[in-house]
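A quick write-up on the structure given underneath.
Just follow the structure's listing: the first ligand is 1, and inside any ligand the first atom is 1.
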Amino acid sequence: MQTRAIPVERDGFIGAVNRGGGCNVSVANVDIHCTGTHTECVGHIDDSGIIITDVCPTGFISASLVSLETEIANETSENYHVPFCDEDRVITKKNLVEKWSGKSPEVLILRTLPNNENKKSLNYDENPAPFFTNDAIDYITHLGVQNLLVDLPSIDKADDGGQLGNHNRFFEKGKTISELLYIPNSVLDGFGFLQIQIPNWGLDAAPSRPIFYPV
Ligand SMILES: [Zn+2]
């Protein structure tokens, strides 16, 4: 299901000014995980009932923005919990060690290169996205990242047989993952302050609008 908004029609009322209604009133359907920037918590992968508003920071948090290249999966020695395909590309621990100091690690924003504007509308069913190796996620987890933000649809391969192996390696209560960001090239790598910004929705995830203020 795509994100869509339909005017309310009830008892002669139509919630669309351009169709004669007195105001615009829409019912929106949102496929949170598949259609746009969103932030999720451990409740995404377990039955704990933990919701995103329990754990998502509400104020400013200090963060690192790091850009890195992805690698051809079959050319790395790093591991993933299902076999790589020829076309798979991955973010590796090796990339992270080279590009990120690991300092101030609680909040990590990763931008994959090349950073084309088509990321805003790319169909990832037709253009499979890069994902993280298990080694990369273990490294991030080991360094203490609490809030991980990426411009990919998932930190896992789109179809890993339903295991969501990297999600399970990373998640515990208190942590969040934000996916499907778009980070303009005008925002440079480095330290800054971040607001994740979510609506007050009692679900495992919510649409989000992370704003990064470089310092
Ligand atoms: Zn998601």
By residue and atom, what protein N/O/S atoms are less than 2.8 Å from the Zn ion (ligand 1)? H33 ND1, H38 NE2, E40 OE1, E179 OE1

Any cation-pi pair here, K175 with F170, using under 6.0 Å and within 45°? yes

Applying the side chain to side chain contact (heavy atoms under 4.5 Å, CB included) test to W201, which of T53, I32, I51 qualifies? I32

Under the criterion side chain to side chain contact (heavy atoms under 4.5 Å, CB included), which of L149, L65, L181, I183 is the partner of F212? L65

Sorted by chain and residue number, the ring pair (Phe, Tyr, Trp, His ring centres under 6.0 Å) partners of Y124 (sequence neighbours excluded) come out as none

Any link between L113 and V90 through a network of hydrophobic side chains (Ile, Leu, Val, Met, Phe, Trp, Tyr) touching at under 4.5 Å? no

For H44 and H33, take the angle between the two ring planes, folded into 0 to 90°, and tell me which bin it lands in: parallel under 30, tilted 30 to 60, perpendicular over 60. parallel

